[in-house]
**Q** 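Please find one structure pasted underneath; my questions will follow.
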Number of protein chains: 4
Amino acid sequence: MSTRPTSPALGARYDRRREEVVDEAARVFARHGYAETSVQQLAAGLGIAAGGIYHYFESKQGLLVAICETIMDPLLEQARELVAGPTPEAEQLRILVGLWVAQVIDRREHMLVFQQQRHVIDGSREWRAARTDRKAFEGLVDDVLARDEAAGRIVGDRRLALSALLGMVNHTAQWYRPRGALSAQQIADGYVELLRGG
Amino acid sequence: MSTRPTSPALGARYDRRREEVVDEAARVFARHGYAETSVQQLAAGLGIAAGGIYHYFESKQGLLVAICETIMDPLLEQARELVAGPTPEAEQLRILVGLWVAQVIDRREHMLVFQQQRHVIDGSREWRAARTDRKAFEGLVDDVLARDEAAGRIVGDRRLALSALLGMVNHTAQWYRPRGALSAQQIADGYVELLRGG
Amino acid sequence: MSTRPTSPALGARYDRRREEVVDEAARVFARHGYAETSVQQLAAGLGIAAGGIYHYFESKQGLLVAICETIMDPLLEQARELVAGPTPEAEQLRILVGLWVAQVIDRREHMLVFQQQRHVIDGSREWRAARTDRKAFEGLVDDVLARDEAAGRIVGDRRLALSALLGMVNHTAQWYRPRGALSAQQIADGYVELLRGG
Amino acid sequence: MSTRPTSPALGARYDRRREEVVDEAARVFARHGYAETSVQQLAAGLGIAAGGIYHYFESKQGLLVAICETIMDPLLEQARELVAGPTPEAEQLRILVGLWVAQVIDRREHMLVFQQQRHVIDGSREWRAARTDRKAFEGLVDDVLARDEAAGRIVGDRRLALSALLGMVNHTAQWYRPRGALSAQQIADGYVELLRGG
DNA sequence: TATGAATGAGCCTTCATTCAT
DNA sequence: CATGAATGAAGGCTCATTCAT
């Protein structure tokens, strides 16, 4: 029933295993689809019986929540630090998009699952927390863009630029391959260059 | 058993009804998810019994195929005409993206379903035709971009520009609302402006 | 709703077509199974739509009844004529088995369907007529055997001989092939020879 | 998912339960028909939920395979032992038919199911193994008959004798009732007596 | 007569989840 | 912690049958 052990040693082991389950789930959900993958198949991939999954998650949807948190939580934190920190405004966009692309690439499979299940996340009451986080992140990006726009560092309409940026960054998960030629920061710089007008 | 009647009058009736089914399916799948919507629910929305769907489609997946064809087929055709036609090269990108955005907006729900089920389409043998069409379209866009790049009309790396463009245009389906302030062509112009460097 | 036309010309046409349906049904049921063949498949084999079948039969089971009648009715009649007729007792068995084998061979497919659906025929109330006919036929054969036994023309126990005879004759439908080397009467003679002790 | 446990204790338990399912299925299918019996009904008869069946069999047809193997496997083995063993040739037929009739009687319901579904077994690719076994058994019987014929112990044509024997023995399943007057060997002796000419 | 369309009931199967061991 | 067994609900799909045209 998904109860974490209280002992510190066992607790750490539990956390490690739980993370393995999340990552394997992201991998297989990304490739085969969340709905199309049964808990039994998932468990088989992990070398355990289906019931075993329920020691770490109370439901299949709980797994989905965990996958999504894995992406949003650290990104939002990093973004907040950046904006609150000493980085010059003119460089915040580059760095913010850099962090973001790095996360999309690093958690590529988690991202794909998130995009695949977007209709669930956007639609139902229980996903309010995830939606709030996403809105918060988009708000941060928009703030940075707003200052860039005011300073004349942005091409065209800011609303459209924001949408375009969201589209291109998230889409990166679809085409990026681990042994690709470009680093996260190079990709991010390319995107920002478009917004800046070269 | 999904056999189109041979008589012209009945054939037309059949085609019309089939299209209604495809569109309703796109609507419901986009909102609630393909896997999360049962054929029964879908049929209920159409005011028919579940079995009735199978007069028009061999399977639930057949419906998905039809939804995807609805987007790709006309778009690919229009794009080919444009590239083969008399439009000056320097203006082809604007028009091509215009057509594309218009299609994404017009078939917004079909697009969302396509994106949602991308893992199925990209993964399995039976979807080769759909993949081929998509690759063909991307190839056309890439050709146009290549000429623009050669003529110095593009900011930054062309490969990245293509990926960015794919991301932003397709993402349009996620945020566009019918009574929005911008027309398809205005959105497209905004996107192209980014690639051109303002 | 399976109503035969009253006009003589149309009536004959109707009967002919109905017979065709029965025979085609026997053919395809024998090969693929009664339950495994849908009315639609059957109709497709006849070049008509599924609904068309219902002009000749009120239900799929009605077709099965017709198939079974096709075997039992003429056989029972012939058998009664033989037993009531002038044929010497000592030769009745040979002739009776000859008629029987001929029928099994001629209506091979109908027989196979009958054997396949035996559990339905033996089990339910509505098939009383068919069961009665079969019992009547077996009774006739038993009568003939009884006289042969009394006259010392039979090997072993008569009850067992009857069962054996039923088994071997009916089984003929399973192995007989149209262009076989033996005629119906030769096969029948072979069977009778076994009962007679050579 | 029909996976046998590896542990010996659980494995035995699994095998026992699986056999119970096969036998119950044979009982119900024989009486009501394979196609006419739903998995739900079958499961209800076993006191489990329908899904439970699928722990032991991959599909309803898998059950059918198991039923047929139950008859053929031990019979073929016994027959091979007999033919390879020290039994004098002149007595092999009696004993072989004895084994065979005993099996038909003992597995009466399984036999009836086999006969009922013969069209499926004879017709499709996936049943090759079952067909091969049956052919092998018939081949053994034919070998024994061939020697008997050569030694003048058989009445009439051997091919026809084989067909007749197959017919009468298999047909035994149709009429035999558990509390009948005759033992399996008595029935077998009666059949052999017919072939031998009394 | 025949057909295309539709229905409604039911079927086989899958699957998330539970629980005794 | 983990597993094998089982469940109950639901899902996709088939099919005999009806009926307006």
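Lettering of chains follows the sequences in order, A, B, ..., and the numbering in each one begins at 1.
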**Q** Donor-acceptor check, side chain of C:Y14 to backbone of C:H55, threshold 3.5 angstrom: yes or no?
**A** yes
**Q** Using a 4.0 Å heavy-atom cut-off across all strands, classify B:T6 as base, sugar-phosphate, or nothing.
**A** nothing
**Q** Is D:K60 reaching over with its side chain to a backbone N or O of D:S38, donor-acceptor style, under 3.5 angstrom?
**A** no
**Q** By nearest nucleotide on DNA chain E, pick out whichever of A:Y34 and C:A50 is the more 5' one.
**A** C:A50
**Q** Please tell me which of D:G47 and C:V39 maps to the more 5' nucleotide of DNA chain F, matching each residue to the nucleotide holding its nearest heavy atom.
**A** D:G47
**Q** Output the rounded distance in Å from CD (A:Q40) to P (F:dA2).
**A** 17 Å
**Q** Is there a Watson-Crick or G-U wobble partner for F:dA9 with both distances under 3.5 Å, and which nucleotide is it?
**A** E:dT14
**Q** Between F:dA5 atom C1' and D:Y56 atom OH, what is the distance in whole Å?
**A** 7 Å
**Q** Here's a test of your reading of the structure: between D:I53 and A:L10, which maps to the more 5' nucleotide of DNA chain F?
**A** A:L10
**Q** Can A:D23 and A:R107 be counted as an ion pair, charged N to O under 4.0 angstrom?
**A** no
**Q** Let me know the distance between OH of A:Y54 and P of F:dG4, rounded to the nearest Å.
**A** 16 Å
**Q** Taking atom CZ of C:R13 as the centre, does the number of heavy atoms from other residues, nucleotides or ligands within less than 6.0 Å exceed 12?
**A** no
**Q** What's the NZ-P distance between D:K60 and E:dC12, to the nearest Å?
**A** 4 Å
**Q** Suppose we define a pair by two distances each less than 3.5 Å, Watson-Crick or G-U wobble; what does E:dT21 pair with here?
**A** F:dA2
**Q** Quick one: label D:S7 by what it contacts on the DNA or RNA (base, sugar-phosphate, nothing), any heavy atom closer than 4.0 Å.
**A** nothing
**Q** To the nearest Å, give me how far apart CG (A:D15) and P (F:dC1) are.
**A** 10 Å
